[in-house]
Number of protein chains: 4
Amino acid sequence: MKTVEDKKTQIINAAVEVFAKQGLEKGKIADIAKVAGIGKGTIYEYFKSKDEIFGAIENMFIGDSVSQIDKLANSKKTPRKKLEEIVNYSLNMHGLMGDAAYIIAELWAQHSREQLQGHKESHFANMYSYFYDTVINILDEGIKANEFRKMDKNGIATLLLALIDGIIWQSVIFKGDMEFNLKIQAAIKSFMEGIKK
Amino acid sequence: MKTVEDKKTQIINAAVEVFAKQGLEKGKIADIAKVAGIGKGTIYEYFKSKDEIFGAIENMFIGDSVSQIDKLANSKKTPRKKLEEIVNYSLNMHGLMGDAAYIIAELWAQHSREQLQGHKESHFANMYSYFYDTVINILDEGIKANEFRKMDKNGIATLLLALIDGIIWQSVIFKGDMEFNLKIQAAIKSFMEGIKK
Amino acid sequence: MKTVEDKKTQIINAAVEVFAKQGLEKGKIADIAKVAGIGKGTIYEYFKSKDEIFGAIENMFIGDSVSQIDKLANSKKTPRKKLEEIVNYSLNMHGLMGDAAYIIAELWAQHSREQLQGHKESHFANMYSYFYDTVINILDEGIKANEFRKMDKNGIATLLLALIDGIIWQSVIFKGDMEFNLKIQAAIKSFMEGIKK
Amino acid sequence: MKTVEDKKTQIINAAVEVFAKQGLEKGKIADIAKVAGIGKGTIYEYFKSKDEIFGAIENMFIGDSVSQIDKLANSKKTPRKKLEEIVNYSLNMHGLMGDAAYIIAELWAQHSREQLQGHKESHFANMYSYFYDTVINILDEGIKANEFRKMDKNGIATLLLALIDGIIWQSVIFKGDMEFNLKIQAAIKSFMEGIKK
DNA sequence: GATGAATGAGGGTTCATTCAT
DNA sequence: CATGAATGAACCCTCATTCAT
């Protein structure tokens, strides 16, 4: 039995596919409908507008990311393992979300523009602050457990988050380049070396 | 006396202003003309299409970045100083290019999409490879000069580039947040500490 | 026990309410269903199309008007009294039919257009001719009864019908204006004075 | 040389033709463009929206009517002659404005609806008040000139305006019916008889 | 009979591009 | 060269109607 939520998900998935291929603005509602295998009008039974679809994708991405990071942060693993898994999750996200990275980039830009113009608060900024706090906690934990050396936690946390973003960002461009994946692994190792006791 | 190049620059500047405020797709040719203080038709005397304006902005950005990095890399400074200045240049770029960061993000996404679909080669990827090689050289230089410790150069270079991108990316969101600027400085310092001898 | 006719009436009433508020074209079937407290699909069990609902409203209006005028015309009152009551009935119709006056205006226009284009005969025109004959008869009666002076019956009948329409028409605009109501009473009195013996 | 005003008039004329034939809502912008012999987009160079076209038609109608009535009221004719000409002008308006009567009816209904819902003040109501005052003045003039008998001016003025509206309204339905025209003439004559000294 | 989810034709509006001046 | 009036393809969204349940 299909619930409303199922249907929404079906549409969102089609939308992600279409927007990834054509871009947020060029992606047509008609195409989303075709991909979802439903009629154009049906989409409007579940979303008031194209903008609302944007919002839903954004929320899905943010929700998924937060819950995933949460799960990793609250696991029984060692701090070092936690950090590695957070980085790897982010790395894999591109694969997990399919081509969603393009979409996130555009939503991000769009959102930031609107935020700048005072239209709305940034969900992305909130997400960031949350991730930042989470990383700080793990670092603390690691220091107390004598696993990490004493460090400027703010600097390292910022470095780590920037690293993750940078990797995602670049992976958009170097998609499918095997050599790039090796470089990333090397980068992560170098980072972890830098903070270990 | 206005050369053709001057006029093109005038249009590009107007385009950057408009696209930054409205986005690549929502930014209208009519608005660019208005901001540039010329007629709508005149734009088409200098650019064949809106897409060509996108390309010109992209080239300008890549050209500026490459020449700037080049200049820094070939200066007489110490390797450590060179790296710091490269990072700082990138950091300031957001300020230097005004609101161009939004635009770059969208061009990037657009470009990656087209690349994925086999339409054209990625200027961004080329730019990256170039930056990567430049950083590797500086690291090499630093190790030989006994300024940097022995390290996995590939990992560290990748880490550095990702750091730069991540910072730019996040600065889009945290624009104007003073605390964020402090965190960035801390992150850079942490990174430099990690590679020094 | 609800008969089919009851259900139709229920729908018509809802339709009148909706059309009065939103107009014939802007008034949505979905809203009618909501107001009627039934499902959208149910409306199509009783009416083949939106146009058929228009027709039903029109028929109801014409039927109500004709039967009412008939009743008044065939009553035992004096001719003068009859005319006064016909006018007053029309005057009150606006109140009786709620906001139906707007609807009638639009149906009228729509109908006239279709008639002009040869699509169908005008029920409104038939209704008019009937009213016209009725008034002529009452005038005759009044003249014979020595209650009305000799007159050009055609002219006076036309004048009276136009007066009624004009008042309804204007009352749409001056709805709720007390002063306007006084003016109308004065107009009717003036008219009656003009035909009395 | 075509001015902007000329172009607007050209579009309005096409719009009147289209709306008269199809109705306000069913009349398509595309059709207006076709009738005007211009491109669809061009219409939006001169009018912001379909609603603005409605407004322009309304203003044209009201402006024309007011200026015409004004001219008649301020002429050197006798009061009786003035009234006759005002009535005749209104009668002819249907012919003068082509099929505009249908349009006016719908604008009227639309406008009244909006007014009722508090959206805007009614231009039509203002026009009415103006006509009313004008007629009162003429009646006054006629009484002083011993041309009209003493009367309830408010009643007679209201009667006259209602007569005019009623005639226009009915002429929509009886368009082209010669007998109807005779009846109207008879009605006017009857009215004039009723007020003469 | 009753329902409302699904549909897609249709229309208002936008805007990149053209071209006559 | 420069212009901006004109254009029409394109697209979002609405809503009357259908039909499986």
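For clarity, every value in this text was computed on a predicted model and none was experimentally measured. Letters A, B, ... are given to chains in the order of the sequence lines, protein chains preceding strands, and every chain is numbered from 1. Computed over heavy atoms, backbone and side chain alike; hydrogens, waters and symmetry mates excluded.
When DNA chain F is scanned in the 5' to 3' direction for atoms under 4.0 Å from non-hydrogen atoms of chain B, the outermost contacting nucleotides are F:dA2 to F:dA6.
One finds a side-chain N or O of D:Lys28 lying less than 4.0 angstrom from the OP1 or OP2 phosphate oxygen of E:dG11.
Distance OH/A:Tyr46 to CD/A:Glu5: 10.5 Å, rounded to 0.5 Å. Atom CD of A:Gln110 is separated from atom CD of A:Glu25 by 6.5 Å, given to the nearest 0.5 angstrom. Rounded to the nearest 0.5 Å, atoms CG (B:Leu24) and CD1 (B:Ile57) are 7.0 Å apart. Distance check: A:Ile11 CD1 to A:Ile32 CD1 gives 9.0 Å after rounding to the nearest 0.5 Å. Between the NZ atom in D:Lys28 and the NZ atom in D:Lys50 there is a gap of 9.5 Å [rounded to 0.5 Å]. Annotation: the span from A:Glu52 atom CD to A:Glu58 atom CD amounts to 12.5 Å, rounded to 0.5 Å.
The distance between atom NZ of A:Lys34 and atom P of E:dG8, rounded to the nearest whole Å, is 11 Å. Going from atom CD1 of B:Ile53 over to atom P of E:dA16 covers 9 Å, rounded to whole Å. Separating the CD1 atom of D:Ile43 from the P atom of E:dG11 is a distance of 14 Å, rounded to the nearest angstrom. One interatomic measurement links the two molecules: NZ of C:Lys26 to P of E:dG11, which rounds to 15 Å at whole-angstrom precision. Computed from coordinates, the C:Tyr44 OH to E:dT7 C1' distance equals 13 Å when rounded to whole Å. Taking atom CG of D:Asp31 as the reference point, atom P of E:dG10 lies 13 Å away to the nearest angstrom. Rounded to a whole Å, the CD1 atom of C:Ile11 is 12 Å from the P atom of E:dG1. In this structure, CD1 of D:Ile32 is placed 12 Å from P of E:dG11, rounded to the nearest angstrom.
Heavy-atom nearest nucleotides on DNA chain E were determined for A:Glu45 and for C:Gly39, and the one closer to the 5' end corresponds to C:Gly39. Taking for each of A:Lys40 and D:Thr42 the nucleotide of DNA chain E with the nearest heavy atom, the 5'-most of the two is the partner of A:Lys40. Comparing B:Ile38 and A:Asp51 by the nucleotide of DNA chain F that holds the closest heavy atom to each, the one mapping nearer the 5' end is B:Ile38.
Between its two ends, the helix from E:dA2-F:dT21 to E:dT21-F:dA2 turns its axis by 0°, counting five pairs per end and rounding to 10 degrees.
Annotation for A:Gly27 and A:Val18: closest pair CA-CG1, 3.9 Å, computed over non-hydrogen atoms. Here the shortest heavy-atom pairing between C:Ala33 and C:Ile43 reads N-CD1, 3.7 Å. When all heavy atoms of C:Glu106 and D:Ala109 are compared, the pair lying nearest together is CG-CB, 3.9 Å.
Among the protein residues, C:Lys7 comes within range of the sugar-phosphate backbone only, with heavy atoms under 4.0 Å from sugar or phosphate atoms but none that close to a base. Counting non-hydrogen atoms under 4.0 angstrom, B:Tyr46 reaches the backbone sugars and phosphates but no base. Nucleic acid contact for B:Lys50: sugar-phosphate only, since backbone atoms but no base atoms lie under 4.0 Å from a heavy atom of the residue.
D:Phe124 and D:Phe61 have tilted rings, their planes meeting at an angle from 30° to 60° on a 0 to 90° scale.
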